[in-house]
Asks: 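There's a structure below that I have some questions on.
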Amino acid sequence: MLPESPKSLACPSCLTPLAPSGAELVCSQCSAAFPLENGVICLRKDDEYYFGELPQAQMREVLGRLDDDNLKVVLDRWKGEHPEDIGIDLADYALDPRRASWKFFTALPEEGGAAIDIGCGWGVLALSLAENFQEVVAMDLTLERAQMVQKRAEQEGKKNVIAVQGGNSEQLPFLDNSFDLVVLNGVLEWVPCNHAGNPRKIQLQFLGEVRRILKPEGQLYLAIENRYFYGYLRGAIDHHSGLRYAPFLPRWLAHVWSFAQQKRSYRNYLYGYYGYKRLLSQAGFCDSQIFVPWTHYASFSSFWTATPTSCVRSAVSPRSMRKRIALSTLSRLRAFKYFPSSFSIVAAKAVCTPSFAERLAKSVASKVFPDGCGMSIGHMSICAGSDKAVIYLQRDDKIVPGYVAIMGLNGAESKRVREGYDQLNQLWAQPYLSSAVKALIPQPVCSGELGGQYYAVQSRIAGVQAHRFTRNRELTHRALREGERFLSDLHGSSTATLQVASARQVERFTSYLDRLKSRERASISDEACAQAKEFIRKKLQNAVIPIVFGHGDCGLYQFLMDERTTQLSGVIDWEFGAPDDWPLHDWLVLNVSYRELWSDVLVTDGFLGLLEHLSEPGADRDAFLGYVSQLNLSAPAVSGLCVASFFRLVSINAFLADMYYPRRQYRMEEVIASVDQLLDQLLSSAEAVARGIN
């Protein structure tokens, strides 16, 4: 049951505050009663309305399954049972907190505060805002959607999220000056469909209601498509109306076109860059800042102001020459802001309150620059395969390279950001690191909390992630060799060693097998686990193993290359790092990521293919022997470390797939199911690699 209804709730008809009476909320003026249904406050005029990503019966079935499992598990099983395409990836839509990373460009409160997500869907935005606001109202016209959010909030222990069914009345059912933030994420264009009259006037009236419920210093976040999106100009179907060309046509012609095609008027009004500014100004908002999410507000990897600057090109980095030329031309003509697919707009009611990003830049500048110089904000990037946002910062006089501020989008990811910053501090404290190695590692600058949000700032290393060179195998191979040299320099300079003399010391090399065994959805057999552990024990018992500072997740994604010189410019993402790691693992993971880039294989097949390749003469084997000899690794130790690293890589990929599903598509059940069949081949391949070491 709902612990407490928000004090801002009002009667949809007369805006009188609602008071609890038994299992209902009652209006003291008009005596209207509004029930609570499974913890959801129902303020709709009727109960027949349904709009959702699934048919109503299936949606109710998913809700029923939430009584036993969390949504991630439910959707994982649902996808296997219902492989038919529904038009969107439900797991991405419902679970991806990166969709809420725009919040850093709003005025997140220092403490307290209230927010409302109107048209909340499955609740990913509302649940993310609950990390920063004392109270979050999630409202949707569909009862099942509101129930979904309420159940998820209860499962995640977020008692500050309150689900409400409503929003189709003439007035929003809340008192004046109730919220610090109102979110309209893909909602405004649909509002005229529920009301008769001129669509623009209906939108203005709705925005007026939004402004009414905002506090004087409150803000509106509006995410919506662009009327002049280049895809519409090329004939792409508008998913709102189901029509081609309708969004950018003159309104009267769009109505004619809609009647000719569908026997109904065109009502999903969209606008362009200046059209939204005029609309919001006419609705009474005093200021609006427009951002461009790339590629769309529903799923974006970069987020920047619509001003055409060099950061736009660096944020997008299109791979094809044709797209590079088009983007450069649009930027030079100062026309880029007219043609993106969608906009994210932050509008102020009356007072232009500094955003979280602006306060962050000011706070970092005060910590880092004793001369009082300020700091400006660049674009924001969303880290692939994780729930982190990175805001690029630059000293105003630009006399030093820029900085990056990293924030986690949930509590678990904030913890990993903190761990990554601690690892960087430990890495820079290693006395044996050469200046050449340090030049390739981000330098920790400062960290702290702002409005309850942890951030970590480090120096920015310019470059392009090596995996982006997929059209040029020569460049990708050069990145691989540069990465191998970096690992040799990093690991070869360490002087610490470990003699594996006890069973407990052996366990550090076999612990990842136990993690796989304990995984809920799939595990390897007891026989295979015991066989692998015995092999590792025999090979590493009494071996002398160098202790190195390991990266832990050392794929081509983490290596940055200078586009002009095609030289290695930096190595990022050290949150999986460890100062007391074993060698060889990073080298093997880097090479496996290179093989996966050029062939669609399971990580297990990629690893085994690498071992087979290293047992044959060639440049790759020479590079491998150079690394092994520099660390003075014995042949038995190499074979044992190869097997231990295999299970470590599979275990880490399983963790990432579980944590960031479905964005990390490792097909983990198939991977782990293949381990038993591949074990004999793995052990023999590891032996073959070791035989070639003199």
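In what follows, every heavy atom counts, from backbone to side chain, and hydrogens, waters and symmetry copies are set aside.
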Asks: Is Ser593 reaching over with its side chain to a backbone N or O of Leu556, donor-acceptor style, under 3.5 angstrom?
Replies: yes
Asks: Which pair of non-hydrogen atoms, one from Pro442 and one from Ile572, has the smallest distance, and what is that distance?
Replies: CG-CG2, 4.1 Å
Asks: Between atom CG of Asp573 and atom NE2 of His551, what is the distance when rounded to the nearest 0.5 Å?
Replies: 6.0 Å
Asks: Looking at every heavy atom in both Asn425 and Pro444, which two are closest together, and how far apart are they?
Replies: OD1-CG, 3.3 Å
Asks: Looking only at non-hydrogen atoms, find the nearest pair between Cys554 and Leu487 and report the distance.
Replies: SG-CD2, 4.0 Å
Asks: When you check the gap from the basic side-chain N to the acidic O, do Glu419 and Arg416 get nearer than 4.0 Å?
Replies: no
Asks: Which is it for Arg508 and Val500 under the side-chain contact (heavy atoms from CB on, under 4.5 Å) test, yes or no, and what are the steps along the way?
Replies: CA-CA 10 Å; Arg508 71 178 300 179; Val500 186; over 6 Å; no
Asks: Nearest 0.5 Å, what's the NZ-OG distance between Lys158 and Ser128?
Replies: 7.0 Å
Asks: When rounded to the nearest 0.5 angstrom, what distance separates CG in Leu360 from CZ in Phe104?
Replies: 9.5 Å
Asks: His585 vs Trp582 aromatic rings, parallel, tilted or perpendicular, using cut-offs 30° and 60°?
Replies: perpendicular
Asks: Please give me the minimum heavy-atom distance between Val417 and Ile406, naming the atom from each residue.
Replies: CG1-O, 3.7 Å
Asks: Evaluate side-chain contact (heavy atoms from CB on, under 4.5 Å) for Lys415 paired with Tyr454, printing each intermediate quantity in order.
Replies: CA-CA 9 Å; Lys415 180 182 178 182; Tyr454 176 81; over 6 Å; no
Asks: Kindly determine whether Glu449 and Arg418 satisfy salt bridge (charged side-chain N to carboxylate O under 4.0 Å, His left out), including the steps that lead there.
Replies: CA-CA 11 Å; Glu449 288 197 6; Arg418 191 186 300 268; 3.6 Å; yes
Asks: Step by step, would you call Arg478 with Glu482 a salt bridge (charged side-chain N to carboxylate O under 4.0 Å, His left out)?
Replies: CA-CA 6 Å; Arg478 183 178 301 175; Glu482 292 272 348; over 6 Å; no
Asks: I need the single residue from Phe300, Tyr392, Phe303 that forms a ring pair (Phe, Tyr, Trp, His ring centres under 6.0 Å) with His379. Which is it?
Replies: Tyr392
Asks: Measuring from atom CD1 of Ile652 to atom OH of Tyr512, what distance do you get when rounded to the nearest 0.5 angstrom?
Replies: 5.5 Å
Asks: Run Glu612 and Arg595 through salt bridge (charged side-chain N to carboxylate O under 4.0 Å, His left out) and show every step you take.
Replies: CA-CA 13 Å; Glu612 293 174 1; Arg595 297 179 71 85; over 6 Å; no
Asks: Taking NZ, NE, NH1 and NH2 as the nitrogens, is one of them in Lys517 or Asp526 under 4.0 Å from a carboxylate oxygen of the other?
Replies: yes
Asks: Which of parallel (below 30°), tilted (30 to 60°) and perpendicular (above 60°) describes Phe646 and Phe607?
Replies: perpendicular
Asks: Between Lys151 and Asp67 (salt bridge meaning N to carboxylate O under 4.0 Å), is one present in this structure?
Replies: yes
Asks: Please give me the minimum heavy-atom distance between Leu427 and Leu490, naming the atom from each residue.
Replies: CD1-CD1, 4.2 Å
Asks: A side-chain contact here means heavy atoms from C-beta on lying under 4.5 Å apart; do Ser299 and Asp92 qualify?
Replies: no
Asks: The test is ring-ring contact (aromatic ring centres under 6.0 Å, His included); show your working for Trp587 and Phe624 and say whether it passes.
Replies: CA-CA 8 Å; Trp587 197 96; Phe624 173 72; 5.3 Å; yes
Asks: Taking the basic N atoms (NZ, or NE/NH1/NH2) and the acidic carboxylate oxygens, is any pair closer than 4.0 Å for Glu575 and Lys388?
Replies: yes
Asks: When rounded to the nearest 0.5 angstrom, what distance separates OG in Ser459 from CG in Leu393?
Replies: 12.0 Å
Asks: Would you confirm whether Glu413, through its side chain, and Asn410, through its main-chain N or O, come within 3.5 Å as a donor-acceptor pair?
Replies: no
Asks: Quick check: closest heavy atoms across Thr476 and Ala466, and the distance to 0.1 Å?
Replies: CG2-O, 4.4 Å
Asks: Hey, could you give me the CG/CG distance between Asp620 and Leu480, rounded to the nearest 0.5 Å?
Replies: 7.0 Å
Asks: So does Glu534 pair up with Arg537, basic N to acidic O under 4.0 Å?
Replies: yes
Asks: Check whether any side-chain heavy atom of Leu540 lies under 4.5 Å from a side-chain heavy atom of Leu641, and answer yes or no.
Replies: yes
Asks: Before you tell me yes or no, could you show the steps for Trp122 and Leu95 under side-chain contact (heavy atoms from CB on, under 4.5 Å), namely the whole-Å CA-CA distance, both residues' side-chain angles and the distance that decides it to 0.1 Å?
Replies: CA-CA 9 Å; Trp122 289 37; Leu95 299 173; over 6 Å; no
Asks: Just so I know, are the side chains of Asn132 and Phe356 near enough to count as touching, which here means a heavy-atom distance under 4.5 Å?
Replies: no
Asks: Would you sort out whether Val464 and Met561 count as a side-chain contact (heavy atoms from CB on, under 4.5 Å), showing the intermediate values?
Replies: CA-CA 5 Å; Val464 177; Met561 305 295 292; 5.5 Å; no
